[in-house]
Amino acid sequence: LGSIWGCVAEAVVLAAACSVVSPFLSPNRLNFNNNDEFTQELRKSAESRRRMDAGHFSEPLMVFRLFCAWAQRLVITPVRSTHVLKWHNASESLAEKEAIDAQKMQVLVGFVADIAMRAREMCSNQRSPEGRNQCRTRADLHRLLMLLRRPDLSYKEQRAKAAGERPPRIGELFRAPPEALYALLAAAFSNQVLVGRHQFASAKSLAPMLDVLDRLSVSGIASKDAILIPMSGKNESKEMQDEDYARQYGKRICGIEPADVSAKGMFSAFRFRNETGEGELEAAAWLQDGSGKADVKGSHAALHTGLGGAPKPRLRDLSLGPRLCFMSSGGLRKFKIEDQDIMRPLSPYQLSWFLVNGKLKGAVRMQGIMDEKNPLGFACHITNPEVPLGADHFGCVAATLLGGQGQACRVNQATLLEAEQMIYALATMSASRIQLSFGFVPGAGGSAEGSRSELAGMKFTAKGSPILFRSHLHASSVIDTLNEVRQSLVRAIAKGRHDVEAGEQEVLLWEDPEAMQAFQKLVSVVQESELREADLDGMRTRNPVLWKTVQVQSQAALARRRAAKKRKKNNKRAQEGDDEEEIFIQALVPLKVPEKVDLEVARELAKKRRRPVTHSFECPDCGERFGTWTECQEHYESTCHLDVSSEEAIEQAKEMSLPVVSRCLECGEGFTSWAQCRDHLVTTGHL
């Protein structure tokens, strides 16, 4: 995917990051005799991971940014040393600033070099008259090896080429924007998707949690600096009433003394000072629309440092102090500190993840468990108190899943996806493996493309929880662009399957301009979608008025269709002499929804808005309604609104008193049936 979509250098580093043990240090309480030493090392690891992640909430991108930081240090290594010594010196230099293992860092770099060398041999080796690589994919892989100081050459060859080759700058090699990397990871691991929701959105314990947070001197509700710790017993709850004891209790857990504490019932709340300094505690602030600048300090020169931080906050996460409390637990429900049992910290805003699996039946759900030290290990999304908790939906993709035999599985190398970014996973997802459904709502209206219906959400299983979108996504535009990407991948694969002459190596990696253009179009459609206006409850999501399951043809129907096409093409080839072979990939068949979905959305909306007719007659003069004709006739006799003095007049009055079912929006005339209204509209041209 990286080579076809024009970001092969980034794909190589991400593939290596998903294949090796993380270079970051992972301190464990069992390896330390002193609790203070453990919390100090834990804080270094947390700060380093947080700095490298920079708001992306992606372990592969966190390691990718670490690789870019490592590559910057290659400049200060001795020019005449071997590439192995340069790698060692750069790794040791990076380990002085970041909490990493230098040896594991060299293993990561070795994997990057090995994948790059192997991939380069799969590309075309054709050159221009000036001696340059005509294959852009091969050129990017060669530049990556140049950045690594040519590990594909011997020491003598490296010395000979050192004077003539200038290693590329990091930004010249890694050009893909963050959104494209999210899409690349989502498409690469589309078979391992998880859906995330607020864990305590509907829990009975939510009210007691918020009550304890609100008892802090400055309310901890919707604060990124506050966290809760359940009490293990009544005795401990009484001890936590002592403020000095509670402060020392919090310091033992994470090594940072909380600035404010409170306790009530079975929960105690801790609030830490903000990360910007030692100032007074500030009231909580939140972003209603999730836009704005990311909480990443310092300037960023992309040309020299590569991928920067997230352009906008993807999650309104907790600060360092609360995260350290959770990381200190090691992911255990109960852990010990100096022979004292402590329950695992929690937050009312934390997210829980569940695996999308079409094979699971009924209400069975498999929870995804992530390492507590990774960006999504204790993912929280703080919301405005005026917005219902659980209104925002998220997803993630994982490189590896471990276990999965029971009701939980271990998730590694996960990347956060916002609700709209889950569309990227559909670029390569097999619709036959799951029961994919799209939810639709009416659009803004008008004659523009996609204005009659919008995508409001999607479901991966029939009984699964929907993922609702917050942005305006034109239904036809998104689905057509998705199918364009899927078909471009099929064409790219078909183009690569050509006959190879004797002695030549088959080309397995190449860059496809059409596929890259379709991919960029999909990224643009999702990224540039506008947020909806918030409703009275502060929610931007809309409940779909219509759900439609993506249509996937059966194996037998596909086989018949392919056989018919093959016979037709064979006859055509026999006449024209065309030997081109059609490639069919079932996993990438187009995603089909009914062509008249706009009309179905309008009908469903009309059904919900239409008031049921519960009366049999109504007066055309005053509008009063009646259940029987006797009541209606008595009304006419007393008011003289219609003539009922003869049998002929009564029959005419009955016809005029039928209830109005449809009404012309132009002139206001009412009709007792849709057929009459349609004839009126055709005759007058009012609609």
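If you're wondering where the values come from, they're calculated on a predicted model, not measured in any experiment. Numbers for residues simply follow the sequence, beginning at 1.
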Qualifying residue, where the test is side-chain hydrogen bond (donor to acceptor under 3.5 Å, both in side chains) with [X] and the options are [options]:
X: Tyr182; options: His56, Gln421, Gln527; result: His56
X: Ser524; options: Glu528, Lys521, Gln520; result: Glu528
X: Asn35; options: Gln40, Arg29, Lys251, Arg252; result: Arg29

key: Test log, rule salt bridge (Lys or Arg N to Asp or Glu O under 4.0 Å), inputs Arg323 and Asp317   = CA-CA 9 Å; Arg323 286 194 62 86; Asp317 197 23; 3.3 Å; yes
Is there side-chain contact between [X] and [Y], with at least one heavy-atom pair below 4.5 Å?
X: Met370; Y: Phe378; answer: no
X: Val112; Y: Leu144; answer: yes
X: Lys97; Y: Arg73; answer: yes

Got more than 12 heavy atoms from elsewhere within 6.0 Å of [atom1], [X]?
X: Asn31; atom1: CG; answer: yes
X: Gln517; atom1: CD; answer: no
X: Lys156; atom1: NZ; answer: no
X: Glu92; atom1: CD; answer: yes

Classify the ring geometry of [X] against [Y]: parallel below 30°, tilted from 30° to 60°, perpendicular beyond 60°.
X: Phe519; Y: Trp5; value: parallel
X: His381; Y: Phe394; value: perpendicular
X: Tyr249; Y: Phe270; value: parallel

request  = Indicate yes or no: does Arg175 engage Asp140 in a salt bridge with an N to O separation below 4.0 Å.
outcome  =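 Asp140 and Arg175: salt-bridged.
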Just by distance, no angles: are the side chains of [X] and [Y] close enough, under 3.5 Å, to form a donor-acceptor pair?
X: Glu98; Y: Ser48; value: yes
X: Thr428; Y: Ser190; value: yes
X: His83; Y: Arg150; value: no
X: Trp70; Y: Ser91; value: yes
X: Thr39; Y: Arg43; value: no

task = Give the C-alpha distance, both sets of side-chain angles, the deciding distance and a yes or no for side-chain contact (heavy atoms from CB on, under 4.5 Å) between Glu59 and Ser22.
result = CA-CA 9 Å; Glu59 190 174 356; Ser22 176; 4.1 Å; yes
Please round to the nearest 0.5 Å and tell me the distance separating atom [atom1] of [X] and atom [atom2] of [Y].
X: Ile382; Y: Leu315; atom1: CD1; atom2: CG; value: 10.0 Å
X: Leu346; Y: Cys325; atom1: CG; atom2: SG; value: 11.0 Å
X: Leu489; Y: Leu1; atom1: CG; atom2: CG; value: 6.5 Å
X: Met366; Y: Phe354; atom1: CE; atom2: CZ; value: 11.5 Å
X: Asn89; Y: Leu94; atom1: CG; atom2: CG; value: 12.5 Å
X: Leu324; Y: Lys373; atom1: CG; atom2: NZ; value: 11.0 Å

message = Assess the residue pair Phe272 and Ser319 against the criterion (side-chain contact (heavy atoms from CB on, under 4.5 Å)); give the C-alpha distance rounded to whole Å, side-chain angles, the decisive distance to 0.1 Å, and a yes or no.
response = CA-CA 9 Å; Phe272 299 86; Ser319 59; 5.5 Å; no
message = If you apply the rule side-chain contact (heavy atoms from CB on, under 4.5 Å), what do you find for Val397 with Tyr424, and how did you get there?
response = CA-CA 11 Å; Val397 290; Tyr424 297 142; over 6 Å; no
query = What's the verdict on side-chain contact (heavy atoms from CB on, under 4.5 Å) for Val356 and Leu194, showing C-alpha distance, side-chain angles and the deciding distance?
reply = CA-CA 5 Å; Val356 173; Leu194 295 95; over 6 Å; no
ask   = Do any N or O atoms from the side chain of Glu514 and from the backbone of Ser488 form a donor-acceptor pair under 3.5 angstrom?
value = no
query = Between Arg314 and Asp53, is a salt bridge (Lys or Arg N to Asp or Glu O under 4.0 Å) present by the stated rule, with each step listed?
reply = CA-CA 12 Å; Arg314 309 188 71 209; Asp53 181 68; over 6 Å; no
query = Can you check salt bridge (Lys or Arg N to Asp or Glu O under 4.0 Å) on Glu172 and Arg166, steps first, answer last?
reply = CA-CA 12 Å; Glu172 294 175 344; Arg166 179 187 70 85; 3.6 Å; yes
